[in-house]
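Okay, so here's the structure we're looking at.
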2 protein chains.
Amino acid sequence: MVLVDKLRSTDCKPTKLMDLEQIKCQSCSISRLCLPVMLADAEIEHLDSIVKRRKPYQKDDVLFRFGEPLQSLYAVRSGCLKTYTLDADGIEQITGFYLPGEIIGLDAIANNTHQSFAKALDTSLVCALPYNKLDILAGQIPGLRSQLLKIMSSEIQDDKALFLLLNKKNAEQRLAAFVINLSRRYANRGLASDRFQLPMTQVDIANYLGMAVETISRLFKKLHKLDLLELKQKEINILNMQQLSHFAGTSCHV
Amino acid sequence: MVLVDKLRSTDCKPTKLMDLEQIKCQSCSISRLCLPVMLADAEIEHLDSIVKRRKPYQKDDVLFRFGEPLQSLYAVRSGCLKTYTLDADGIEQITGFYLPGEIIGLDAIANNTHQSFAKALDTSLVCALPYNKLDILAGQIPGLRSQLLKIMSSEIQDDKALFLLLNKKNAEQRLAAFVINLSRRYANRGLASDRFQLPMTQVDIANYLGMAVETISRLFKKLHKLDLLELKQKEINILNMQQLSHFAGTSCHV
DNA sequence: GGCTAAACTTGATTTATATCAAGTTCTGGC
DNA sequence: GCCAGAACTTGATATAAATCAAGTTTAGCC
């Protein structure tokens, strides 16, 4: 099955789908990206006991909707998801993409209400972290408390970086930076960083980066012409990482 | 003295400058915006004991620099400050403005390093919250832990909203939304929301919103022509809050 | 109280990117 | 293996806002 193959390629050990749904934090291949960083074994077990593992979400399945009360944060185990709001005309406004090891729903903590919709872009496994239990556990385990604060701080950092990107950079710098950013996130989870599948459509990328799809298409072509990357169907192949990074950072007045 | 007058107008009780530097969390007029929300008296006292009150920062004084280790978060008591980074050419890129009751430096928690510069735009009083002590205290006081998480979540919410604003709205909607946002924040601290001083220059606003100063100037003029607001020197006078909000939210195709 | 630099204003011109229009290619379901 | 809808591509045109240029006003300083 396609699904099992996909999951296999995500995890180190070849395991059956059933096992992947049940796997514990202790043996989770992405735990170093997730919450259990630096926790003692007993503490991880404690955390593991509150985590609810969900059956895989299929493409277009919705995890939560705007306005729903916060029940759980979601840690992505495999696949990819997006968060989005709807504007006055009901048009989708994508606010984020989430890869394995990343936590969805942190913005809901302030007023116990989800601020966006979350939807799977692909078959995805997630762990649900019931927030009230997580909060209590954070009071008992100093390492978990610190880690939770760090994860939130990290999200604030990322948001500020995105802000600067959108506010100060032109279209090609945005797209280059977007690709570099995805690449770094794949590298972090131990996957190939110079060759990977784009989990979202170009329409989604355009929406997220505040550009027209046509512009995205033209710019991918331009980046290819410059021998910086190749895009075949949805597979990105970064040909010159260093120059692409440079391109993303500083304006290229050519 | 100008300073004392300014502080007086910010605080309920007329007090001497010396008192304001020493005032405790228990009697701080902005405490409901700051950390002590919902804490018991004894807990507030506990928090109060770690807060270091600083002499006022003068206009252009720097609180911390990019790359410095995180010592303290800063709670604004009066005045206004900005955070910014420098781009490759050394040009200032403003990432935020901070009003009384707001906390500066949350993005530094992830890797214990400040991610920006922070500078006073005006004579400003701040409380320094030593982070290691705050973290420990958060482990002892559940209400403080929750509040800290909520404040961080709230910052993430604000960042996402800003992201949507910059990504999806045109220049006049951005400016209108910026003014509305300031107005709401003044209202939150119990000050006039329809008539207030702009604490930053138009150059700073332009920088923050990713626009040219000329555009800001023209748009303020346009908003005035539409009888939505008045700008005299640095004093904003919102003439039609409802329409201005509407203007900020939905595109006005006129 | 006059001088200087910064802040702001106004108009003319340019430009990056959106929009419009009309394709082609890909993908999933029967 | 074919069909329909979605995704992507390509070119022509429009436009919002930047840039350039040259003011005027404001505010701090000796």
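All values derive from a computational prediction rather than experimental measurement. Proteins get letters first, then strands, A, B, ... in listed order; numbering begins at 1 in each.
Atom pair B:Leu198:CG and C:dA7:C1' shows a separation of 13 Å (rounding to whole Å applied). Here D:dA7 presents its P atom at 14 Å from CE of A:Met200, a figure rounded to the nearest Å. Straight-line distance from the NZ atom of B:Lys59 to the P atom of D:dA27: 12 Å, rounded to whole Å. The distance from atom CG of B:Leu223 to atom P of C:dT9 is 12 Å, rounded to the nearest whole Å. Following rounding to the nearest Å, B:Glu235 (CD) and C:dC8 (P) show an atom-to-atom distance of 15 Å. Rounded to an integer number of Å, the gap from CG of A:Asn170 to P of C:dA18 is 11 Å. To the nearest angstrom, P of D:dA16 lies 12 Å from CD of B:Gln173. If you measure from atom CG of B:Asp204 to atom P of C:dA6, you get 14 Å, rounded to the nearest angstrom.
Phosphate proximity of C:dT9 to B:Lys221: absent, as no side-chain N or O sits under 4.0 Å from OP1 or OP2. Contact between the side-chain N/O atoms of B:Thr215 and the OP1/OP2 oxygens of D:dA17 is not found at any separation under 4.0 Å.
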**Asked** A:Asn181 and A:Arg185: side-chain hydrogen bond (donor to acceptor under 3.5 Å, both in side chains), yes or no, with the steps?
**Response** CA-CA 6 Å; A:Asn181 178 265; A:Arg185 286 152 74 188; 2.9 Å; yes
**Item:** side-chain contact (heavy atoms from CB on, under 4.5 Å) between A:Ile216 and A:Phe220, worked out
**Value:** CA-CA 6 Å; A:Ile216 299 285; A:Phe220 268 129; 3.6 Å; yes
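If you check every strand for non-hydrogen atoms under 4.0 Å, A:Ala212 touches a base.
Not a single donor-acceptor pair under 3.5 Å links the side chain of A:Asp122 to the backbone N or O of A:Gly79. Between the A:Asn207 side chain and the A:Ile94 main chain, a donor and an acceptor come within less than 3.5 Å of each other.
When each of B:Ile216 and A:Val213 is assigned the nucleotide of DNA chain C bearing its nearest heavy atom, the one mapping closer to the 5' terminus is B:Ile216.
More than 12 heavy-atom neighbours from other residues, nucleotides or ligands sit within 6.0 angstrom of NZ on A:Lys234.
For B:Lys168 and A:Asp87, the salt-bridge test fails: no basic side-chain N is under 4.0 Å from an acidic carboxylate O. Salt-bridge annotation for A:Arg189 and A:Glu102: absent, with no side-chain N of the basic residue lying under 4.0 Å from a carboxylate O of the acidic one.
When the local axes at the two ends of the helix from C:dG1-D:dC30 to C:dC30-D:dG1 are compared, using 5 base pairs at each end, they differ in direction by 50° after rounding to 10°.
Listed by chain and residue number, B:Leu165, B:Ala248 satisfy the side-chain contact (heavy atoms from CB on, under 4.5 Å) test with B:Ala177 (two or more places apart in sequence, or in another chain).
Residues A:Tyr74 and A:Ala128 share a closest heavy-atom pair of CE2-CB, 3.9 Å.
You'll find that the side chain of A:Ser217 is closest to D:dT10, out of D:dT10, C:dT19, C:dA7. Side chain of A:Lys234, nearest nucleotide from C:dA7, C:dA18, D:dC8: D:dC8. Picking from D:dA18, C:dA18, D:dA16 the nucleotide with the shortest atom distance to the side chain of A:Met211 gives C:dA18.
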**Where protein sits on nucleotides 20-26 of chain D, one letter per nucleotide: B base, S sugar-phosphate only, - none, heavy atoms under 4.0 Å** = BB----S
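Under the side-chain contact (heavy atoms from CB on, under 4.5 Å) test applied with A:Leu99, the options A:Ser124, A:Cys80, A:Ser78 reduce to a single match, A:Cys80.
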